[in-house]
Amino acid sequence: MKTKLFILLAFVVSLGMMGCESKEEGGGGNKGMIGSNAAEKVYVAPGEHDEFYAFMSGGFSGQLSVYGLPSGRLFKVIPVFSVDGEKGYGFNEETKPMLETSHGFVPWDDSHHPELSQTDGVPDGRFIFINGNNTPRIAKIDLKSFETTEIIEIPNSAGNHSSPFTTQNSEYVVAGTRFSIPITETDVSIKDYKEKFQGSLTFVSVGDDEHGDMAIDFQILVPGYDYDLAHAGKGPSHGWMFFTTYNTEKAYTMKEVYASQNDKDFIAAVNWKKAQEYLKAGKFREMPANYLNNEYSEKTHTAVSKRETSVRVLIPEECPGLIYYLPTPKSPHGVDVDPTGEYIVGNGKLSADLTVHSYTKMMKAIENKSFEKEIDGIPVLKYDEVVAGVVEKPGLGPLHTEFDGKGYAYTTFFISSEVVKWKVGTWEIVDRIPSYYSVGHLMIPGGDSRKPWGKYLVSLNKITKDRYLPTGPELAHSAQLYDISGDKMELILDFPTIGEPHYAQAIKADIIKDKSLKYYKLDENEHAHVTKSEAETRVERKGNEVHIYMTTIRSHFAPDWIEGIKVGDEVYFHVTNLEQDWDVPHGFAVKGAANAELLIMPGQTETLKWEPKSVGVTPIYCTDFCSALHQEMQGYVRVHPANANVELSWGLGEDDE
Ligand code: RUQ
Ligand code: CUA
């Protein structure tokens, strides 16, 4: 049995490599069947705007990047889980709390799946969420400011991969453990995996106002499998959330072999409306937990960390009807629900076919109690009773599926490096096109919603090889844009991405662009250390702390010279940008400061901490080319010996000239 599996895996792997190599032979000359009018289709003339915003996960950069489609132009990298020196994120005092966790300050993560908030199953442009895999977290980015405004940690989880997929009205974003771990009893032997390890499925509620506050509503404790991806039901299946599982073998070692033995793993179907009934009826257990919820306020321009100490947990055995397992071949990766909400596609990584379940059949099977068995209180539905159809031999290594809203589905095949288009309902394959190379996710704008804008498809590829000019051993990851408005898919553009792009989302630009914030209102700035005019600028000493209340306006700092700081002082520059105009940030940097610059938006206050180590004069300057006199936007701070007997003094040119 073991050897057979080894041979199968070796075969699959070598097939994959064959696919890759044969395509490389063309070298840079292989353009990959590019259409003759491709340039026209992606051309967005200078000064014109793209039709879609696309949000690409930053993968192991921990960030989220914003592109335009169809041009493939990069607009912004939004710092989320990783510090970003360019914007001072995680370096200035205001955003440091965003990266606090129960493990302390964690300045990095691996972010995979952006997910737009939805209203009635359609992306509404309020927020975009993204998961942190490594130290389980979900972040919320506000699409008015394009800034991360909240991060919530997920307790009882490891490898937060099946996340943060949203329900139809963003009632919830979810988080499933990829790595099961010991939860109720923590200090156990790894060898006791089968008996002692558990999984958890977390439902994080999202406020329906402009803040969209996240809070953990409940968790479900589930068998110790790997929970891989998720997608919500919609329309008739609204109220359900589907999660894929693998490693139903419960292997803890050599997973590449031992976690691939079962013919079928499961898609877990969770009835979250039922969960709400159980919560109301008090059928939950309060479990101690330790996790942080960090929120950034656009009024105080400051993030605050709140520690939470318990979660409400539901146990399937105690809550009949809460969760069912749908048998699905073979280590399914993505689970994708079609726009009608009827079909649930299980992308079985190691399966020869693609399995599609029917929501109607699932409901009937539940009603008829067509159960194969029960696992820890979770009924396993009979495969034949839930399966709607099978796409036969579509390709090798299916990972993810999206929909165009015109009755077609598009599935990526990692090993055979292609996108395959098939008809929902008849399961026939109608088109296929190579991707360069080894595609993971794909994205159609709105392609996981009830109303896809089925015009473009982006494949997000793992390997670039010969597609771009070489840049040493590490090559840019890559996205490819396909026109899917006709019968045949057509490749029209390659463009590089940041980190490893996993999932992505896109939305019609009109829904967001007019709401985009231009600046923060100075008179609404409630930062604890705001300075609202040059007249209020000052420097104050509190023991060895020196607080500098500074302002910026084109083209000077006030004050721009300061004396009386001593070695051993903790210096805080609280810099308020007085500008009230779009696109006029000022930067602020101090020679030798052990953090990064500040990049202060109009109307905002940010704080840079500096601990001077030596006596002398230190320059400060603006880093962002803000006016013709930007190079003049500079100043000096004098540092005296630790034991010097000097008073603070400062100014802005009034005594001179
Ligand atoms: S996963 S391919 Cu997070 Cu499919 Cu990336
Ligand atoms: Cu302010 Cu340059």
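Atoms within each ligand, like the ligands themselves, are counted from 1 in listed order. Worth knowing before you read on, the calculation uses all heavy atoms, side chains too, and leaves out hydrogens, waters and symmetry mates. What you see is a predicted model, and the numbers here were worked out from it, not measured in a lab.
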Participant: Is the distance from atom 4 (Cu) of ligand 1 to the nearest N/O/S atom of His502 under 2.8 Å?
Facilitator: no
Participant: How wide is the angle at atom 2 (Cu) of ligand 2 between SG in Cys626 and O in Asp624, to the nearest 10°?
Facilitator: 100°
Participant: List every atom of ligand 1 that sits less than 4.0 Å from any heavy atom of His333, numbering the atoms from 1 in the order shown and giving each element.
Facilitator: 1 (S), 4 (Cu)
Participant: Give a yes or no on whether Met633 keeps an N, O or S atom under 2.8 Å from atom 1 (Cu) of ligand 2.
Facilitator: yes
Participant: Of all N, O or S atoms in His586, identify the one at the shortest distance from atom 1 (Cu) of ligand 2.
Facilitator: ND1
Participant: Check the orientation of Phe266 and Tyr225. Use parallel for under 30°, tilted for 30 to 60°, and perpendicular for over 60°.
Facilitator: tilted
Participant: How close does the nearest protein non-hydrogen atom get to atom 2 (S) of ligand 1, and which residue and atom is it?
Facilitator: Lys462 NZ, 3.3 Å
Participant: When the ring planes of Phe243 and Phe203 are compared, do they come out parallel, tilted or perpendicular, using 30° and 60° as the limits?
Facilitator: perpendicular
Participant: When you measure from atom 4 (Cu) of ligand 1 to each N, O or S atom of His400, which atom gives the shortest distance?
Facilitator: NE2
Participant: Determine whether the side chain, the backbone, both or neither of His441 has a heavy atom under 4.0 Å from any heavy atom of ligand 1.
Facilitator: both
Participant: I'd like to know if the side chain of Asp336 pairs up with that of His231 as donor and acceptor (distance under 3.5 Å, no hydrogens or angles considered).
Facilitator: yes
Participant: Please identify which atoms of ligand 1 are closer than 4.0 Å to at least one heavy atom of His113.
Facilitator: 1 (S), 3 (Cu)
Participant: Would Phe403 and Tyr343 count as a close aromatic pair, with their ring centres under 6.0 Å?
Facilitator: no
Participant: Which N/O/S atom belongs to His630 and is the closest one to atom 2 (Cu) of ligand 2?
Facilitator: ND1
Participant: Taking 4.0 angstrom as the limit and counting only heavy atoms of Gly440, give me the atoms of ligand 1 inside it, by number and element.
Facilitator: 2 (S)
Participant: For the side chain of Asn131 and the backbone of His113, is there at least one donor-acceptor N/O pair under 3.5 Å apart?
Facilitator: yes
Participant: Do Asp404 and Tyr410 pair up side chain to side chain, a donor and an acceptor below 3.5 Å, judged on atom types alone?
Facilitator: yes
Participant: For ligand 1, which atoms, with element, lie under 4.0 Å from some heavy atom of His112?
Facilitator: 3 (Cu)
Participant: Just so I know, are the side chains of Phe60 and His477 near enough to count as touching, which here means a heavy-atom distance under 4.5 Å?
Facilitator: yes
Participant: Applying the side-chain contact (heavy atoms from CB on, under 4.5 Å) criterion to Phe588, which one of Asn92, Val575, Thr552 satisfies it?
Facilitator: Val575
Participant: I'd like to know: is atom 1 (Cu) of ligand 2 within the 2.8 Å range of an N/O/S atom from Cys622, strictly under that distance?
Facilitator: yes
Participant: In plain terms, say whether Glu147 and Lys76 are close enough for a salt bridge, that is, a side-chain N and a carboxylate O under 4.0 Å apart.
Facilitator: yes
